[in-house]
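Heads up, the thing below is written out as structure tokens.
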Protein chains: 2
Amino acid sequence: MARPTMNDVARTAGVSLKTVSRVVNGEPTVTPDLAARVRAAVESLDYRPHLGASMLRRNDRRTRTIGVLLEDVSNPFSGALHRAIEDEAHARGVHVLTGSVGDDDGRERELARAFRQRQTDGLILAPTGSDQGYLSHFTGTPVVFVDRAPAGFRADTVVSTNVAGAAGAVRHLVGHGHRRIAYLGDRPHIPTARERFRGYLQALGNRPGPVVHDIRGEAAAERATITLLRRADPPTALFTSHSVITIGALRALRRLGRHRSVALVAFDDFPLADLLEPAVTVVAQHPARIGRVAAEALFERIDGYDGPPREIRVATTLIARGSGEISPGP
Amino acid sequence: MARPTMNDVARTAGVSLKTVSRVVNGEPTVTPDLAARVRAAVESLDYRPHLGASMLRRNDRRTRTIGVLLEDVSNPFSGALHRAIEDEAHARGVHVLTGSVGDDDGRERELARAFRQRQTDGLILAPTGSDQGYLSHFTGTPVVFVDRAPAGFRADTVVSTNVAGAAGAVRHLVGHGHRRIAYLGDRPHIPTARERFRGYLQALGNRPGPVVHDIRGEAAAERATITLLRRADPPTALFTSHSVITIGALRALRRLGRHRSVALVAFDDFPLADLLEPAVTVVAQHPARIGRVAAEALFERIDGYDGPPREIRVATTLIARGSGEISPGP
DNA sequence: ACATCGAGAGACAACGTTGTCATGGAGTAG
DNA sequence: CTACTCCATGACAACGTTGTCTCTCGATGT
């Protein structure tokens with residue numbers, strides 16, 4: 001039993017093929033009587049139009065699908081982004097194809113290409129690879145970047161105010177009397193990490209405390225923190241520039257029993273930060289807002305807006321909860 | 001400038017349409033020389049095959065896309081599920097359309113229908129609505145349920161061992177001397193909630209402590225917990241059957257300063273549970289495993305397996321961290 | 001040298017839908 | 001009563017691709 005076609009519907013309803021097409025597409029020029037018969041036939045045969053054929057004949061090339069490539073759909077930041085994008089898409093009757101890029105440099109390209117091959121109407125991308133130049137011949141498929149600035153290619157970009165946010169965090173610590181404030185951060189070739197580091201430097205007037213770059217993963221962050229605190233001249237406060245690093249640092253502080261004596265301000269909020277002891281002071285990003293704004297920008301592009309690439313910054317919010325208000329020891 | 005077609009490629013390469021088709025589809029019966037010319041033409045014109053036309057003509061009806069409908073892609077459980085499913089799909093060259101169903105009873109049906117309309121090869125669904133009967137005429141599109149059992153329709157289902165897990169949690173508390181153990185749970189019409197409640201009852205030999213059903217959201221859970229603990233005869237231990245409820249209960253315990261004196265075992269693990277004080281004892285689910293198993297089952301179905309609906313249970317793990325090992329007061 | 005075979009290449013139809021145009025019948029104005 | 005308009009309906013082609021069949025040409029075997 002093959003899938004029913006419009007012709008089958010036409011035959012059962014006793015009308016022409018074209019009339020079925022009209023009813024299915026909601027054209028108003030069909031007598032109610034006929035329309036009803038067609039709808040009944042559609043129902044009884046469980047007819048569903050063949051999108052391939054429809055796409056083929058239509059001149060409008062929209063698939064009403066966008067692609068979303070995030071670092072890892074299972075982390076809370078990506079999840080919130082994803083959800084916000086999905087809500088915007090849903091409101092427009094658009095569907096969302098997702099992919100996790102992870103750290104694999106090739107997977108970003110591979111998935112971006114595959115999505116384009118699938119004729120997604122647009123793409124929202126959290127760039128992971130070191131170069132997005134390959135996007136330059138994606139003519140006709142608008143792209144919006146989120147969370148990180150791209151390299152080698154320019155398009156609308158929606159990111160947090162990383163410099164200002166980081167600077168605010170560090171100034172907060174300075175305001176509580178700290179002088180030796182450590183920076184713990186991700187690989188500095190990542191634009192976001194670089195910006196946060198810049199904010200850190202700026203707040204300290206380019207006279208940084210101990211700096212550790214290139215931290216990858218919770219365990220590495222924990223080790224780095226322990227090493228820092230065992231120095232002869234340990235920092236009295238930490239600024240962690242990424243939530244994974246924050247968790248590692250928290251574990252280290254616990255392990256050394258220093259969580260009530262070493263101050264900490266983290267970039268990026270995380271669930272339950274307020275229930276820890278002490279509760280963790282953070283510079284909160286607003287992933288839902290970033291996602292919404294990015295989706296709006298993408299849909300503008302899809303609808304034909306053709307201005308120059310825009311860089312949209314979403315402000316961060318410092319939330320004082322306790323860990324950032326610890327004073328340096330005597 | 002319209003999009004190039006196979007004909008354009010054929011003309012530039014000086015071969016026939018069909019030869020281009022063969023090269024594009026990797027058929028081996030083309031002279032290397034011609035194949036090279038075709039590939040050069042494809043490159044220079046930035047030709048990409050029109051999926052619609054291809055799908056139309058091919059007799060293989062696969063879109064190599066599956067749909068995944070979860071409660072909310074931004075919660076950690078759904079995120080981990082999603083990620084695991086995506087990894088399995090990626091390994092098979094299959095793409096993933098996602099949707100968040102939320103609590104909206106209609107959105108589940110709407111999205112399920114839309115995905116099927118899009119001709120996804122299969123669907124993984126965490127059912128939210130009270131009835132999945134509408135799926136019964138989804139002939140030809142295999143469905144696998146995750147996290148919750150469906151109602152009104154049977155298909156492969158992958159869920160945690162809810163009864164055993166909950167019973168284990170409660171027995172753990174009993175083992176630490178508790179007699180008045182409260183149950184805090186979601187709406188009992190949800191199969192998962194009902195099963196966990198059954199496990200609770202079973203562990204107590206059908207002589208339950210205080211029971212609160214129908215808790216929706218963190219705030220409600222917090223209020224319910226406060227009410228419970230202010231009773232004349234308050235419970236000495238809590239069993240929270242859902243992570244949202246767990247968070248609310250934790251907040252309430254903090255607020256009343258009872259977090260070190262009232263025991264708690266939670267169903268479902270959550271990030272940082274080990275960093276709270278006391279660290280939270282949980283019955284951990286394994287969403288990544290659930291997702292992987294569900295994806296495997298779906299792909300088996302897609303590949304033609306046609307046995308009766310299977311119910312696959314993924315075991316939970318009790319992780320003792322502190323909160324569940326608090327003894328009842330004198 | 002001739003028949004046979006095989007493999008690479010092309011001609012052509014077909015997939016299910018929508019755009020275009022023709023048709024016919026009812027309604028309206030003169 | 002006729003001529004004209006209008007509009008619902010239908011016939012037909014076309015979209016870009018792949019399946020099938022045929023053709024051609026060179027190789028092989030006798």
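Within every chain, numbering begins at 1; the chains are lettered A, B, ... in the order of the sequence lines, protein sequences first and strands thereafter.
Looking at residues two or more places apart in sequence or on another chain, you find a side-chain contact (heavy atoms from CB on, under 4.5 Å) between A:Arg187 and A:Asp103, A:His189, A:Ile190, A:Asp214, A:Arg216. Residues passing the side-chain hydrogen bond (donor to acceptor under 3.5 Å, both in side chains) test with B:Thr19, sequence neighbours excluded: B:Ser16. Contacts of A:His82 classified as side-chain hydrogen bond (donor to acceptor under 3.5 Å, both in side chains), with partners at least two apart in sequence or in another chain: B:Thr98. Taking B:Thr192 as the reference, nothing meets the side-chain hydrogen bond (donor to acceptor under 3.5 Å, both in side chains) condition, with sequence neighbours excluded. Here B:Arg11 pairs with B:Asp8 under the salt bridge (Lys or Arg N to Asp or Glu O under 4.0 Å) rule; sequence neighbours left out. With sequence neighbours excluded, the residues satisfying side-chain contact (heavy atoms from CB on, under 4.5 Å) with A:Ala294 are A:Ile124, A:Val144, A:Val146, A:Val158.
Within 4.0 Å of A:Asn7, counting heavy atoms only, lies no atom of the nucleic acid at all. The residue B:Val24 sits apart from the nucleic acid: no heavy atom pair falls under 4.0 Å.
Between the CG atom of B:Leu56 and the P atom of D:dG19 there is a distance of 12 Å, rounded to whole Å. Taking atom CD on A:Glu27 and atom C1' on C:dT18, their separation rounds to 9 Å, with Å as the unit. In this structure, B:Met6 atom CE and D:dA14 atom P are separated by 21 Å, rounded to whole Å. Between the CZ atom of B:Arg58 and the P atom of D:dC15 there is a distance of 21 Å, rounded to whole Å.
An end-to-end axis angle of 40° holds for the helix from C:dA1-D:dT30 to C:dG30-D:dC1, taken from five base pairs per end and rounded to 10°.
Checking side-chain atoms of A:Arg107 against main-chain N and O of A:Ser100 turns up a donor-acceptor pair under 3.5 Å.
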Polar atom pairs (N or O), protein with nucleotides 10-13 of chain D, under 3.5 Å:
| residue | atom | partner | partner atom | Å |
| --- | --- | --- | --- | --- |
| D:dG10 | OP2 | A:Ser16 | N | 3.1 |
| D:dG10 | OP2 | A:Ser16 | OG | 3.2 |
| D:dG10 | OP2 | A:Thr19 | OG1 | 2.5 |
| D:dG10 | N7 | A:Arg22 | NH2 | 2.5 |
| D:dG10 | O6 | A:Arg22 | NH2 | 3.4 |

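An OP1 or OP2 oxygen of D:dT18 is reached within less than 4.0 angstrom by a side-chain nitrogen or oxygen of B:Ser21. Taking 4.0 angstrom as the limit, B:Ser54 places none of its side-chain polar atoms (N or O) nearer than this to OP1 or OP2 of D:dG16.
Sequence neighbours left out, not one pair with a member in residues 127-146 of chain A passes salt bridge (Lys or Arg N to Asp or Glu O under 4.0 Å). Listed by first then second residue, pairs satisfying salt bridge (Lys or Arg N to Asp or Glu O under 4.0 Å) with a partner in residues 108-123 of chain B read A:Asp46-B:Arg116, not counting sequence neighbours.
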Which donor-acceptor pairs under 3.5 Å do side chains of residues 67-81 of chain B form with protein atoms, sequence neighbours excluded?
| residue | atom | partner | partner atom | Å |
| --- | --- | --- | --- | --- |
| B:Asp72 | OD1 | A:Arg83 | NH1 | 2.9 |
| B:Asp72 | OD1 | B:Ser74 | N | 2.9 |
| B:Asp72 | OD1 | B:Ser74 | OG | 3.0 |
| B:Asp72 | OD2 | A:Arg83 | NH1 | 3.4 |
| B:Asp72 | OD2 | B:Ser74 | OG | 3.1 |
| B:Asn75 | OD1 | B:Phe77 | N | 3.1 |
| B:Asn75 | OD1 | B:Ser78 | N | 2.8 |
| B:Asn75 | OD1 | B:Ser78 | OG | 3.2 |
| B:Ser78 | OG | B:Asp72 | O | 3.3 |

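The side chain of A:Thr29 lies closest to D:dA8, out of C:dT17, D:dA8, D:dT17. Counting only heavy atoms from C-beta on, B:His50 has its side chain closest to D:dT17 among C:dC15, C:dT17, D:dT17.
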Q: Would you check, one step at a time, whether the test side-chain hydrogen bond (donor to acceptor under 3.5 Å, both in side chains) holds for A:Asn25 with A:Arg58?
A: CA-CA 12 Å; A:Asn25 291 287; A:Arg58 273 193 155 90; 3.1 Å; yes

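Interface residues of residues 38-46 of chain B facing DNA chain C, ordered by number: none; criterion, heavy-atom separation under 4.0 Å.
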